[in-house]
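Below, read A as the first sequence line, B as the second, and so on, with proteins coming before strands; counting in each chain starts at 1. The figures here come from the full heavy-atom set of this structure, side chains too, leaving out hydrogens, waters and symmetry mates.
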2 protein chains.
Amino acid sequence: MLTISQLARYAGVTVRAVRHYHQIGLLPEPERDRSGYRTYDAAAVVRLIRIHTLAEAGVPLARVQDLLDAAPDEFVRGVEEIDAALRAEVRRLQATRRRLTRLAAGEHLALPASVVEYLDRVRGLGVDERYVEMERDAWIMVAAQVPEQIDAIMAKKHLELDDPDLQRLYLMLSDVLDWQVDDPRVVELADLFEKLMIRAVEAGEITGNWPDEGFVDLLDATTVESSPVAERLLAILQERGWRGWTQIERVPEERVARGTP
Amino acid sequence: MLTISQLARYAGVTVRAVRHYHQIGLLPEPERDRSGYRTYDAAAVVRLIRIHTLAEAGVPLARVQDLLDAAPDEFVRGVEEIDAALRAEVRRLQATRRRLTRLAAGEHLALPASVVEYLDRVRGLGVDERYVEMERDAWIMVAAQVPEQIDAIMAKKHLELDDPDLQRLYLMLSDVLDWQVDDPRVVELADLFEKLMIRAVEAGEITGNWPDEGFVDLLDATTVESSPVAERLLAILQERGWRGWTQIERVPEERVARGTP
DNA sequence: GTCGAGGGTTGACGCAGGGTCAGGGTCAAG
DNA sequence: CTTGACCCTGACCCTGCGTCAACCCTCGAC
């Protein structure tokens, strides 16, 4: 006859685990000796080893219960199911690993490689690091919304960046962070913005295909929060009938009159 | 400005999770509007996405905290560490999967393939299924004690099983389950047992190399519990100076006189 | 006999990462 | 004014045990 710690040792589990299995009815309570100690026989060792084997395999204890008392074919079906779940889990972990290594290699958290690449190019233009970080935050949000489109979007952005006007725009935006609110260059900047947006509209480019109306405003807000100049710039553009810089779109007349809500 | 559910949606988490992150200080509590609602800005979305990315990768929330506020190189080191943990976890799961599939394919729970094979051969001799199950339970225990030796042990058993005397022994043991306690054949069985054990001792075979004294007795007990005949058989063998059938060994005189404690 | 060490017993709380009520207040639309 | 969709806090629930606490039992040494 065995004590609980001997039983536990033979089965390779802790005493606490054994008592837990008793508590949830997975292992039947054995006889007690006259002083209240549990006394186990060899059959208990065998059952406990089986429980441990399944539990270690990641089978929830609730299912271990059923499996152990199941007919062989039922058991096989159960195990197959569990195996499928394990396989899925392995795949999930490996996908996570791929993302993580890209994280560690790349810019910073939560950015696909394509975006990191794009940001590197922007930085290469001589754009201020603070601006790059703002732009990065915006892309983090975009990547979270439409993860499967992000690479295509970045490819398009790369093409757009060949335009010297856009490059000039980036450099000005980078500068904005050090301007005063009433800097006259803001109007100049708005002009440049508008020129590029008009060109885009004429080329038939309709940006964005967002899953959510408010998301566009949120993206605009990301940058606006950073500086009063950005706020003024957005106001000017909206006065001229544009929605913002995220979605290149003319806003219906009444909305302009009221201001974007 | 965003409500908590909008924030949660943009970051791909649940509202409850956001509140949980507030509670543990992972995401700072934002301003409230006049009715007590939390109001978030775009920066919160970015931080939440980062938290979610790490958390999904299996990083404990406590470490997410440190990582997010860490310097880039510290961050990279942390991520590498996490990646190593993930890799280990994947390997563990895959090992479990291999064991599980063997479980489903083979005899029953917690048995290595080599044992299943051996049991199949024993069954093929015409041994009663009930006896095979007892034998199986004993091997489950052995495999749990010395997992890395089990294949070698089974290989030796296979060789031993070529002996026609041992085959005869198995068939008699199989029969035992239907005998009465006082069946005269028990003595005959003990004789056969002794013959084989003496042969083993003379061949210099010392069975077992168990990590534990009591384990041998436990194994003997497994079978004894199944039938009174087995109990009687063990008693006879012990009277003749043997320890049992698990460990082939003569017991010192005084122990015989007192009976095995 | 008694002492301490090293078993055993039950009961309860704690952990991570939230899910899921309950019981209320708010907001926008019809 | 009602309705439905949100928001708030607080509290309990889940897994699979680890880790006290407070107490009892047994055994060998003295």
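- When the side-chain contact (heavy atoms from CB on, under 4.5 Å) test is applied to B/E29, the partners found at least two apart in sequence or on another chain are B/H22, B/R32, B/R38.
- For A/R34, there are no side-chain hydrogen bond (donor to acceptor under 3.5 Å, both in side chains) partners two or more places apart in sequence or in a different chain.
- B/R16 is linked by a side-chain hydrogen bond (donor to acceptor under 3.5 Å, both in side chains) to nothing, counting only residues two or more places apart in sequence or in another chain.
- On the nucleic acid side, DNA chain D has its first and last nucleotide under 4.0 Å of a heavy atom of chain A at D/dG16 to D/dT26, going 5' to 3'.
- Every residue two or more places apart in sequence or in another chain was checked for a ring-ring contact (aromatic ring centres under 6.0 Å, His included) with A/H20, and none qualifies.
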Using distance only, find each side-chain donor-acceptor pair of residues 71-78 of chain A under 3.5 Å and give its atom names and separation, not counting sequence neighbours.
none

Using a 3.5 Å cut-off and no angle test, enumerate the donor-acceptor pairs between side-chain atoms of residues 7-14 of chain A and protein atoms at least two apart in sequence or in another chain.
{"unit_1": "A/Y10", "atom_1": "OH", "unit_2": "B/D212", "atom_2": "OD1", "d": "3.4"}
{"unit_1": "A/Y10", "atom_1": "OH", "unit_2": "B/D212", "atom_2": "OD2", "d": "3.4"}
{"unit_1": "A/Y10", "atom_1": "OH", "unit_2": "B/F215", "atom_2": "N", "d": "3.2"}
{"unit_1": "A/T14", "atom_1": "OG1", "unit_2": "A/A17", "atom_2": "N", "d": "3.0"}

- request: Can you check each nucleotide of nucleotides 4-18 of chain C against protein heavy atoms at under 4.0 Å and return B for base, S for sugar-phosphate only, - for none, in 5' to 3' order?
  value: ---BSBB-B----BB
Only pairs under 3.5 Å count here: list side-chain donor-acceptor contacts from residues 221-236 of chain A, not counting sequence neighbours, and write none if there are none.
{"unit_1": "A/T222", "atom_1": "OG1", "unit_2": "A/L218", "atom_2": "O", "d": "3.0"}
{"unit_1": "A/T222", "atom_1": "OG1", "unit_2": "A/L219", "atom_2": "O", "d": "3.0"}
{"unit_1": "A/T223", "atom_1": "OG1", "unit_2": "A/D220", "atom_2": "O", "d": "2.9"}
{"unit_1": "A/T223", "atom_1": "OG1", "unit_2": "A/W245", "atom_2": "NE1", "d": "3.3"}
{"unit_1": "A/S226", "atom_1": "OG", "unit_2": "A/T223", "atom_2": "O", "d": "2.5"}
{"unit_1": "A/S227", "atom_1": "OG", "unit_2": "A/V229", "atom_2": "N", "d": "3.0"}
{"unit_1": "A/S227", "atom_1": "OG", "unit_2": "A/A230", "atom_2": "N", "d": "3.1"}
{"unit_1": "A/R232", "atom_1": "NH1", "unit_2": "A/V181", "atom_2": "O", "d": "2.4"}
{"unit_1": "A/R232", "atom_1": "NH1", "unit_2": "A/D183", "atom_2": "O", "d": "3.3"}

